[in-house]
K.L.:
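One structure follows; several queries about it will come next.
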Amino acid sequence: QVQLVETGGGLVQTGGSLRLSCTASEYTVTSGSMGWFRQAPGKERECVAAVRWSFGSTWYENSVKGRFTMSRDRAKNTVYLQMNGLIPEDTAVYYCAATTRNLIFSQLPVEREYDHWGQGTRVTVSS
């Protein structure tokens, strides 16, 4: 059974940085497609970054472009979301998602395309 475990959330001041980690079991982070989603209080869950590894390019939501970077460590079977320049609007629960399918670029930010989800890690950015 695929398991995704997110860590790295916490409380940070505006302008600060955090690195979220998503460690997978029974799933290889070098295959298929993976994404980072977030859900702020009272809002729908949205994708902030996603990648089909065979593409070699990553989709980013406009508001995080230039501030967030998605990467992976194959040896650790872990995916990261480096978040710099954090602002209060980034406050949310962040989720890691995965599918074994090779999504096309337009599918990458679509929540229903992913089969496996982590439990989420909370990020709070204070002003």
Side-chain angles (χ1 to χ4, degrees):
Q1 183 177 354
V2 173
Q3 286 192 324
L4 304 173
V5 179
E6 304 99 331
T7 57
L11 174 63
V12 64
Q13 292 185 335
T14 295
S17 298
L18 283 174
R19 188 179 77 162
L20 306 184
S21 300
C22 172
T23 300
S25 60
E26 303 301 325
Y27 179 87
T28 303
V29 299
T30 57
S31 65
S33 311
M34 295 189 73
W36 283 98
F37 289 73
R38 68 184 179 188
Q39 187 166 22
K43 295 187 177 181
E44 293 186 351
R45 190 155 57 182
E46 64 174 356
C47 185
V48 296
V51 64
R52 167 180 160 179
W53 298 117
S54 59
F55 272 155
S57 64
T58 306
W59 181 95
Y60 290 102
E61 198 271 329
N62 283 335
S63 69
V64 308
K65 283 181 180 177
R67 300 190 298 124
F68 289 12
T69 303
M70 184 174 180
S71 63
R72 63 181 171 178
D73 184 325
R74 300 184 188 201
K76 296 182 178 180
N77 209 37
T78 296
V79 172
Y80 302 100
L81 184 68
Q82 177 67 44
M83 306 186 295
N84 299 327
L86 285 162
I87 58 178
E89 290 76 14
D90 295 319
T91 294
V93 177
Y94 284 72
Y95 299 89
C96 176
T99 177
T100 56
R101 294 182 295 128
N102 292 320
L103 302 179
I104 62 174
F105 204 71
S106 62
Q107 293 174 310
L108 288 174
V110 180
E111 183 177 348
R112 67 176 181 272
E113 299 292 350
Y114 294 87
D115 306 305
H116 310 290
W117 293 83
Q119 82 291 346
T121 185
R122 185 174 301 276
V123 172
T124 303
V125 184
S126 63
S127 56

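Keep in mind the model is a prediction, meaning the values are calculated, not measured.
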K.L.:
Using the side-chain hydrogen bond (donor to acceptor under 3.5 Å, both in side chains) criterion, which residues pair with T91? Sequence neighbours excluded.
P.N.:
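Partners of T91 under the side-chain hydrogen bond (donor to acceptor under 3.5 Å, both in side chains) test: none.
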K.L.:
Show me the pairs that pass disulfide bond (SG atoms under 2.5 Å apart) and involve residues 98-127, at least two apart or across chains.
P.N.:
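Every pair satisfying disulfide bond (SG atoms under 2.5 Å apart) with a residue in residues 98-127: there are none.
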K.L.:
Is it true that a side-chain atom of D115 and a backbone atom of T99 form a donor plus acceptor pair closer than 3.5 Å?
P.N.:
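Between the backbone of T99 and the side chain of D115 there is no qualifying donor-acceptor contact (under 3.5 Å).
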K.L.:
Return each pair, listed once, that meets salt bridge (charged side-chain N to carboxylate O under 4.0 Å, His left out) where at least one residue sits in residues 91-101; pairs must be two or more places apart or across chains.
P.N.:
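The answer is R101-E113.
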K.L.:
Taking Q119 for its side chain and V5 for its backbone only, find out whether a donor-acceptor pair lies under 3.5 Å.
P.N.:
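It does not hold such a pair.
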K.L.:
Suppose the criterion is disulfide bond (SG atoms under 2.5 Å apart): which pairs have a residue in residues 45-127, not counting sequence neighbours?
P.N.:
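As it turns out, the disulfide bond (SG atoms under 2.5 Å apart) pairs with a partner in residues 45-127, which skip direct neighbours, are C22-C96.
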K.L.:
Please collect all salt bridge (charged side-chain N to carboxylate O under 4.0 Å, His left out) contacts where either partner lies in residues 18-30, sequence neighbours excluded, each pair once.
P.N.:
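Non-adjacent pairs meeting salt bridge (charged side-chain N to carboxylate O under 4.0 Å, His left out): zero.
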K.L.:
Considering only Ile, Leu, Val, Met, Phe, Trp and Tyr, and joining two whenever side-chain heavy atoms are under 4.5 Å apart, list the other residues clustered with L18.
P.N.:
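Taking Ile, Leu, Val, Met, Phe, Trp and Tyr as members, L18 shares its hydrophobic cluster with V2, L4, V12, L20, Y27, V29, M34, W36, V48, V51, W53, Y60, V64, F68, M70, V79, L81, M83, L86, Y94, V123, V125.
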K.L.:
Starting from F55, walk the hydrophobic network (Ile, Leu, Val, Met, Phe, Trp, Tyr; side-chain heavy atoms closer than 4.5 Å) and list everyone else you reach, by chain and number.
P.N.:
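In the cluster with F55 are F37, W59, V93, Y95, L103, F105, L108, Y114, W117.
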K.L.:
Which side chain to side chain donor-acceptor pair (under 3.5 Å) pairs, counting each pair once, include a residue from residues 80-89, with sequence neighbours left out?
P.N.:
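The answer is S17-N84, Q82-N84.
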K.L.:
Only pairs at least two apart or in different chains count here, so list each salt bridge (charged side-chain N to carboxylate O under 4.0 Å, His left out) that has a residue in residues 54-79.
P.N.:
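For residues 54-79: R67-D90.
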K.L.:
What residues, two or more places apart in sequence or in another chain, satisfy side-chain contact (heavy atoms from CB on, under 4.5 Å) together with S127?
P.N.:
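Residues passing side-chain contact (heavy atoms from CB on, under 4.5 Å) with S127: T14, P88.
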K.L.:
Using salt bridge (charged side-chain N to carboxylate O under 4.0 Å, His left out) as the criterion, list what pairs up with E46, not counting sequence neighbours.
P.N.:
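By the salt bridge (charged side-chain N to carboxylate O under 4.0 Å, His left out) rule, E46 matches R38.
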K.L.:
Report yes if the side chains of T121 and T7 come closer than 4.5 Å at any heavy-atom pair, otherwise no.
P.N.:
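No, side chains not in contact.
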K.L.:
Taking only residues two or more places apart in sequence, or in another chain, which ones meet S106 in a side-chain contact (heavy atoms from CB on, under 4.5 Å)?
P.N.:
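Result, side-chain contact (heavy atoms from CB on, under 4.5 Å) vs S106: I104.
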K.L.:
Working to the nearest 0.5 angstrom, can you tell me the gap between R122 CZ and Q39 CD?
P.N.:
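Rounded to the nearest 0.5 Å, the CZ-CD separation comes to 10.0 Å.
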